[in-house]
Amino acid sequence: MTLFQRLVMMTMAVLFLALAGNISSGVWSVKEHLNRQLNINAEDAARSLAISMNTALREKDQASLETLLNAMFDGGDYQSIRVFSVDGRLLIEKKAELITSDVPEWFKSAVSFTSVTAESEVSDGWQQYGRIFVEPNTQKSYSKLWSITSTMVVWVVLLMLVALVMIVLFMKALLKPLSDMEHQANAISNRDFRTIPLPKARELRRVVMVMNGMAEKLSKLFSDQAEMTEQLREMSFRDSLTGLSNRRDFVGHFKAYLDPRQGSKSGALILVGIRAFDKFNQAHGTAKADELLVQIASQLKSFRKEYSKIVTARLKGAEFGVFIPDVSREHAFQALQTLFKELSMIPAVQTNQEMADKLHLGLAYYSESSDIPSTGNLISLADQALRRAQGRGRNTVIMLSTSETNDAESDGVMGDQAWRGYLEKVLERRAVKLLYQPVKHFGLASTTDYEVLARTDYKDSLVTASLFWPMVERFQWTEQFDRLIITKAMSLMASQAQDLRLTINVSPKSLLSEKFSAWLIKVAQENPVVSKRVVLEVSEYVLHQDAETIIALSQSLHTYGMTLAIDHFGASSGTFSYLNRVKVDHLKVDRSYIRDIHLSKDNQFYIRSLIQIAHNLDIKVYAEGVEKEEEYQVLKDLGLDGAIGYLFGKPLAEPH
């Protein structure tokens, strides 16, 4: 029972006792008054009859006696009136008829009237003629007292109800600070460090001040810890001048994409170079040179918005790198030309005549049709393309491929029209095939969690999402495909064991669509049992795009049990202070931090700090792309909650 309920009940009990005592006192006073009045009336009636019957008794006039008796009996409340002669003979008697009363017997017993039969002598001087006995009628007194008591009880009940409403309102106002503190404590446990208004009551005001101070300190502690971790990441993996990834971070990211089993099936590495940058620096000074580099970086950041998985970096001096995974040869060349055009438009290049023939781009492309190259080979090929471009003189772009064939479909990617027709058929036939890769929970032997992987059939082979999803995004069909995948996955869960949990990747473009979000909330609302076992993974990239929309969506879905998770965590630059507001089941650390983590102390330190922050917010931390036993042992020692990768199992046709 809550304090509010206890106080209301106690107050109502005291009020009830007070009113009950007041009713008892009032009823007793009225009863005594009626009882006294009853006896007085009987005595007055006896005396009056004795005076008026004197002559009739003396003359033995029976008719007059009856007339006088009837007049008295009918004019008052009497049970009986009897007249006796001197020798004790009953001369005349009048009794009230018995009537049915609605007065309960228990009430009569509780307020019993003590009526007294009044007696009077009929005499003339010393001569006595008879005696008169008048017995009061208590029945009417009981009825009158019952009516008064009932009215008092009704008014008391009404008064109690009014008092109850007033007490409840008063108590709510009085205890509102306690309720606010309860909500504040719950909010703090849910990573929302809010403060509440100060109450007027001095005692509660002090408590609220302490709670607000604690919330502010916790908020600052989290912010400081997150900021410190982010600063360490920036120092280790970011270029201080441009804000882009440094060479180390860049190589780590696209090395993960070159993984032959879990990486990207196609991709393009673009190198951007400014020839004779040292001479430009000497001629115009460090400030102008830095301005040029910052403008190039700014343009690369703008270009990055067109691709959700793109990685950009300043590699050295005036050389920049851009890696675009999951892209066809045709679109890679289009991206190369677009990037060159955009870089040519930056002010430092346009206004400076010396830069007219200094900008060059080289692109190295790989696809599934050829052997996926090593990191060194791909960088070497891109560097070769850049040197060829610079060797041709004026601003030039060169594209080289790891495949010697020029067949349009040799890289597993069709032309735009072929892709459009193929994907339309996939949607029409609902021909998306789902595979399920087990999620390893450290410390648990059995597996009940699986990540859903989407595939499509093409010429008797499975096409991975890394190949067909870029085309889905190009044709703006992400919502249709995401709905299809989620619907299929939830249908499977409805027919499977209750402990099965599925993690489903959702496109950023879908999550930022109001129409898709409304559909998703409706699905969660209509399927509460299944929704509690669904985790939707979103890229960290979308949170940096529009964190407020994702936070609002996560809170709406959390109402029906469906939760979000953040995929590729750490792949995007920017702070992660939003973690204390978004309802997140887990973070999945980007594979670029996981690959060969047993050889990287910096990555271990970053992940250890991330785990500390996440666990303080009741968020689990998983790793993706775990391939080696050495990686697994280090991750387990660091305190991760789980991992996914070929080390723990390949994608399955059905979850076990």
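Computed over heavy atoms, backbone and side chain alike; hydrogens, waters and symmetry mates excluded.
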List the atom of [X], the atom of [Y], and the distance in Å for their closest heavy-atom pair.
{"X": "V83", "Y": "L90", "result": "O-CD1, 3.4 Å"}
{"X": "R501", "Y": "M493", "result": "CA-CE, 4.3 Å"}
{"X": "Q139", "Y": "N137", "result": "N-OD1, 3.0 Å"}

Whether the side chain of [X] engages the backbone of [Y] through a donor-acceptor N/O pair (distance < 3.5 Å, no angle test) should be reported.
{"X": "S48", "Y": "D44", "value": "yes"}
{"X": "E540", "Y": "G570", "value": "yes"}
{"X": "R82", "Y": "F133", "value": "no"}
{"X": "S531", "Y": "A524", "value": "yes"}
{"X": "N54", "Y": "V122", "value": "no"}
{"X": "N616", "Y": "Q612", "value": "yes"}
{"X": "S29", "Y": "S25", "value": "yes"}
{"X": "S495", "Y": "L492", "value": "yes"}
{"X": "D482", "Y": "S507", "value": "yes"}

Inset, instruction - Give a yes or no on whether H33 atom NE2 has more than 12 heavy-atom contacts from other residues, nucleotides or ligands under 6.0 Å away. - result: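 Count not over threshold, so no.
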Legend entry - From CA spacing to verdict: side chain to side chain contact (heavy atoms under 4.5 Å, CB included), R533, L502: CA-CA 7 Å; R533 296 183 282 132; L502 293 183; over 6 Å; no
Inset, instruction - Look at the rings of F73 and Y78 and say which category their plane angle falls in: under 30° parallel, 30 to 60° tilted, over 60° perpendicular. - result: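 Tilted: the ring planes of F73 and Y78 meet at 30° to 60°.
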Legend entry - Parallel, tilted or perpendicular, as decided by the 30° and 60° cut-offs, for the rings of W519 and F516: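 Plane angle between 30° and 60°, so tilted.
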Roughly how far apart are [X] [atom1] and [Y] [atom2], rounded to 0.5 Å?
{"X": "F107", "Y": "S112", "atom1": "CZ", "atom2": "OG", "value": "11.0 Å"}
{"X": "L68", "Y": "L57", "atom1": "CG", "atom2": "CG", "value": "9.5 Å"}
{"X": "L91", "Y": "L65", "atom1": "CG", "atom2": "CG", "value": "7.0 Å"}
{"X": "M166", "Y": "L169", "atom1": "CE", "atom2": "CG", "value": "8.5 Å"}

Is it the case that [X] and [Y] place a side-chain donor and acceptor less than 3.5 Å from each other?
{"X": "T114", "Y": "N35", "answer": "yes"}
{"X": "S513", "Y": "E479", "answer": "yes"}
{"X": "H441", "Y": "D641", "answer": "no"}

Legend entry - Any side-chain heavy-atom pair of V621 and V589 under 4.5 Å: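 Of all side-chain heavy-atom pairs linking V589 with V621, at least one is under 4.5 Å.
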Legend entry - Validation row, ring centre F113 to ring centre Y142 under 6.0 Å: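 When the ring centroids of F113 and Y142 are compared, they turn out to be within the sub-6.0 Å range.
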Inset, instruction - Could you note down all residue pairs passing side chain to side chain donor-acceptor pair (under 3.5 Å) where residues 547-556 supplies at least one of them, sequence neighbours left out? - result: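 Every side chain to side chain donor-acceptor pair (under 3.5 Å) pair that includes a residue of residues 547-556, provided the two are not neighbours, is D546-T549, E548-R581.
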Inset, instruction - Among L145, T138, V103, find the one that has a side chain to side chain contact (heavy atoms under 4.5 Å, CB included) with K108. - result: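 With K108 as partner, side chain to side chain contact (heavy atoms under 4.5 Å, CB included) holds for just one option, V103.
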Legend entry - With K522 via side chain to side chain contact (heavy atoms under 4.5 Å, CB included) - residues at least two apart: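 Partners of K522 under the side chain to side chain contact (heavy atoms under 4.5 Å, CB included) test: E526.
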Legend entry - Working for side chain to side chain contact (heavy atoms under 4.5 Å, CB included), residues L511 and I550: CA-CA 7 Å; L511 288 175; I550 303 303; 3.9 Å; yes
Inset, instruction - Evaluate side chain to side chain contact (heavy atoms under 4.5 Å, CB included) for H586 paired with V535, printing each intermediate quantity in order. - result: CA-CA 9 Å; H586 66 263; V535 179; 3.8 Å; yes
Legend entry - Lys/Arg-Asp/Glu bridge criterion (N-O < 4.0 Å) met for E537, K588: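 Result for this pair is yes, salt bridge flagged.
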